[in-house]
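Accompanying notes for the structure given below.
All values derive from a computational prediction rather than experimental measurement. Just so you know, ligand 1 is whichever comes first in the structure, and atom 1 is the first atom listed for that ligand.
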Amino acid sequence: MKLQGLFLVVVVVIFFLSYTVLVKGQHQPRKDCQTKCGNVTIEYPFGISSGCHYPGNESFSIICKEDKPHVLRDIEVKNFNHSGQLRVLLNRSSVCHSDKQGNETEFGYSNLTLDNLSLSANNKFTVVGCNVLGLVGTFDIIKQNYTTGCVSLCDQPPLENGNCEGVGCCRTQVSFPSDRNTFLFGSAHVPGLPSVYNFNPCAYSFLVEDGMFDFSSSEDLKNLRNVTQFPVSLDWSIGNQTCEQAGSTRICGGNSTCFDSTRGKGYNCKCNKGFDGNPYLSDGCQDIDECTSTIHTHNCSGSSTCQNKVGHFLCVCPSGYDLNATSNGCVIKEKPVYFGWTQIFLGTTIGFLLVLLGVSFIKHRLRRRKYTELRQQFFEKNGGVMLRERLSRAGSSNVDVKIFTEECMKTSTNGYDKSRILGEGGQGTVYKGTLPDNSIVAIKKARLGDNSQVEQFIREVLMLSQINHRNVVKILGCCLETEVPLLVYEFITNGTLFDHLHGSMFDSSLTWEHRLRIAIEVAGTLAYLHSSASIPIIHRDVKTANILLNENLTAKVADFGASRLIPMDKEQLTTMVQGTLGYLDPEYYTTGLLNEKSDVYSFGVVLMELLSGQKALCFERLETSKHIVSYFVAAMKEDRLHEIIDSQVMNEYNQREIHEAARIALECTRLVGEERPRMKEVAAELEALTVKTTKHKWLNQYSEDNEQLLSGHILSAQGDISSRGYDSIMNVARFDIEAGR
Ligand SMILES: *[C@@H]1O[C@H](CO)[C@@H](O)[C@H](O)[C@H]1NC(C)=O
Ligand SMILES: *[C@@H]1O[C@H](CO)[C@@H](O)[C@H](O)[C@H]1NC(C)=O
Ligand SMILES: *[C@@H]1O[C@H](CO)[C@@H](O)[C@H](O)[C@H]1NC(C)=O
Ligand SMILES: *[C@@H]1O[C@H](CO)[C@@H](O)[C@H](O)[C@H]1NC(C)=O
Ligand SMILES: *[C@@H]1O[C@H](CO)[C@@H](O)[C@H](O)[C@H]1NC(C)=O
Ligand SMILES: *[C@@H]1O[C@H](CO)[C@@H](O)[C@H](O)[C@H]1NC(C)=O
Ligand SMILES: *[C@@H]1O[C@H](CO)[C@@H](O)[C@H](O)[C@H]1NC(C)=O
Ligand SMILES: *[C@@H]1O[C@H](CO)[C@@H](O)[C@H](O)[C@H]1NC(C)=O
Ligand SMILES: *[C@@H]1O[C@H](CO)[C@@H](O)[C@H](O)[C@H]1NC(C)=O
Ligand SMILES: *[C@@H]1O[C@H](CO)[C@@H](O)[C@H](O)[C@H]1NC(C)=O
Ligand SMILES: *[C@@H]1O[C@H](CO)[C@@H](O)[C@H](O)[C@H]1NC(C)=O
Ligand SMILES: *[C@@H]1O[C@H](CO)[C@@H](O)[C@H](O)[C@H]1NC(C)=O
């Protein structure tokens, strides 16, 4: 029983040991292996006894006979080479005339079997003799047979030595496929040619490494200087897999690299540059001390001294000298500067300047820090934290607002340069900016009263960012690090509708078709904002100066600075009256109650401007017609609409459309909000004009109270500013009256 247990332990131990060897595959020789055979050092993967050579049989097994190492049982090895080469001695093959007549007994040949070694490319098959033919071949029962050889012809001893080009000696490259390892080679005198017995009794053939045989015609033709064996180079490699295939089973040790064998199968190892030793041992490759080595010499010259480092070496110069990298010698450093008054003066000046620089730097840093703090304060004050929170809550799904830094804004507007101002108005100043990605944007300094509005402001930014309508100027983001928040919009190239109608910048080349299309687009947009948007939005400041045109004269409604969301449950909203004189809904003005009909009124004014080409308020018109609505009402009543229509617009074909449009404009500007059509209806009516002239439903129902109120409240309000002149962009009067309280 005890014996059995012991046996089991032994089996387990043996199994474990063989397991580690097999699995890790990194076989290493025993520590007590014989490393010398005669004068030749034997290095792993070659070895003399089992456990000392790389497993996988004969190729790496060395037999030491008479102090000479032999591989493949009887091939003598001259030396081993880590790079995968082995220099062995192979017997020559010879055949001799049996008599002076020149009769030859047979074709003399040798049989060579290399097993898992292969013939290197740097060997030559060489034939020595006159009138001889030498052949070398590899024969196989299944595979293709290959044969090559050469002929040497001469009736008398050649005159030249050392030339093995077919006179007394010939040679040829053996380039059979690398998987062949059995060869036959031999030679014979060519029958029928004159006898050369007296100076060349025997023909010789052999394999020899390049450069290891120099033909001597006087000696070699006689007896090949009695040399029977020639050095031949053989290739060897580990296994039959490439480095990649071998993977972790590779036996290349530390500080070494694996490379695929030239044989076409297996791999070899080599020490890295600067290392030397046996790369097949786990710790074989060791640093070369170039400074002391006689083989790997350093090139430090002159007064520089060599300093060994792992893997390389350095040339070091004494202090006061610099190394010349090309010659690795030392050169004297630049002469030190003499100490004089000039130097003292210079030193003091430089020192002083440095101190000054340091102080200003610190100041700058402090100022910068303060500035950064201020920006952070503004950011918080302007609701940045709230916006960030909302953005993160909303996810990236539908909200696309970028938060820009103050720095970015400043650089993109060239420091809020005056030349970058696009317009100034009640809603703030608008700059043209160029973002780092070269896109052009409009940057608006928003107008924000007190902190209580912050939440609303943020809500609006988020809301606007969600409007994705082709006729609405898209908001791209905002910057909250400034005292006044900045809003970043897409840049619309072609100015405002106001400029096109009244400005000097553009020749008003807008045709009736353009104007009608713009009206339809604006009406559609407002209708969308009122009804289709997820939360109804009232623009509150619809005016020609807020309608931008792009290069195709497509309308883009801008400036939602005053816009308000309508809570779903409340039809009307009591807020501070905001808007622009001339466009302001009189009902909203008097009551302070806001609803979507206020936008309808403003739109009516815009439509009138489009029709007449006149400004909303014009003090050059008659006392009673200063406001465009009264102007229109008067003209309609006196049936002289054609007089007030822009001359560029009216022609004989569109009179009916223009009348219809004028009627719609009047409907929109009815005094009582209730009586005004909804924006959706307006948009539909206008659209219908483009198709055909439609029968309308509010035919000629125009109440006079409109006119009455207009000339009352609104015009009296504008009386204060009339002395300053009126420009709806430059000086927008705002009425901030607390209504309903
Ligand atoms: C070993 O080298 C020495 C000196 O070079 C030489 O005398 C000796 O014959 C060599 N021994 C063998 C076995 O080659
Ligand atoms: C090589 O393997 C054969 C069997 O495959 C075995 O007879 C022979 O002894 C082995 N030779 C060496 C040197 O391991
Ligand atoms: C040749 O090598 C393979 C594996 O590399 C081995 O299995 C085979 O026994 C070897 N043959 C000889 C004759 O050494
Ligand atoms: C090994 O053989 C290669 C190729 O023939 C040669 O470049 C290298 O110098 C040899 N190395 C040694 C140590 O003999
Ligand atoms: C080479 O020739 C010698 C003497 O003729 C012989 O003893 C030896 O076995 C031969 N070697 C081979 C590998 O044939
Ligand atoms: C040599 O060859 C010739 C012609 O083939 C023959 O007559 C002669 O007998 C041969 N000599 C010997 C010694 O075999
Ligand atoms: C050459 O040697 C191999 C093995 O040693 C043997 O099988 C083959 O028959 C020999 N060929 C000749 C032509 O002697
Ligand atoms: C190669 O030669 C051998 C005998 O020399 C012959 O048996 C064999 O069929 C040949 N192989 C081919 C592929 O011709
Ligand atoms: C070659 O061998 C022969 C006979 O064995 C001998 O007479 C001759 O002196 C040897 N020549 C040389 C150069 O060693
Ligand atoms: C490599 O040799 C092994 C036997 O030693 C053999 O099973 C395997 O198929 C060979 N792989 C290749 C790619 O030749
Ligand atoms: C690599 O070479 C360094 C320097 O000779 C040596 O200290 C280290 O042990 C080597 N690494 C391995 C894995 O042998
Ligand atoms: C460095 O040495 C090279 C060769 O000796 C010389 O041509 C070169 O001028 C030297 N460079 C310096 C910076 O001394």
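Heavy-atom contacts of D140 reach the following atoms of ligand 8: 1 (C), 8 (C), 10 (C), 11 (N) (cutoff under 4.0 Å). Listed by number with element, the atoms of ligand 8 under 4.0 angstrom from any heavy atom of K143 are 11 (N), 12 (C), 13 (C). In summary, the atoms of ligand 11 found under 4.0 Å from a heavy atom of D283, numbered by their order in the structure, are 14 (O). Listed by number with element, the atoms of ligand 11 under 4.0 Å from a non-hydrogen atom of G254 are 12 (C), 13 (C). Close approach of ligand 8 to I142 (heavy-atom distance below 4.0 Å) involves ligand atoms 13 (C). Annotation for ligand 11: atoms under 4.0 Å from non-hydrogen atoms of D287 are 4 (C), 5 (O).
By the 6.0 Å contact criterion, CD on E373 is enclosed, its count of non-hydrogen atoms from other residues, nucleotides or ligands being greater than 12. By the 6.0 Å contact criterion, CD on Q173 is enclosed, its count of non-hydrogen atoms from other residues, nucleotides or ligands being greater than 12.
Legend: residues meeting side-chain contact (heavy atoms from CB on, under 4.5 Å) with T262, ordered by chain and number and at least two apart, are D235. With sequence neighbours left out, the disulfide bond (SG atoms under 2.5 Å apart) criterion links C52 to C33. Here Y280 pairs with W236 under the ring-ring contact (aromatic ring centres under 6.0 Å, His included) rule; sequence neighbours left out.
For ligand 5, the 4.0 Å heavy-atom shell takes in D74, N91, ordered by chain and residue number.
In the model, R87 has no side-chain atom that pairs as donor or acceptor with a side-chain atom of S233 under 3.5 Å. No side-chain donor-acceptor contact under 3.5 Å links N181 and D115.
Of the heavy atoms in N255, only side-chain atoms (C-beta onward) come closer than 4.0 Å to ligand 11.
Between R375 and E407, at least one side-chain nitrogen of the basic residue sits less than 4.0 Å from a carboxylate oxygen of the acidic one, meeting the salt-bridge criterion. For E165 and R171, the salt-bridge test passes: some basic side-chain N is under 4.0 Å from an acidic carboxylate O.
Below 3.5 Å of separation, one finds an N or O of N145 facing an N or O of ligand 8.
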Under the side chain to side chain donor-acceptor pair (under 3.5 Å) criterion, do E209 and N123 qualify, and how do the steps go?
CA-CA 4 Å; E209 203 179 315; N123 296 302; over 6 Å; no
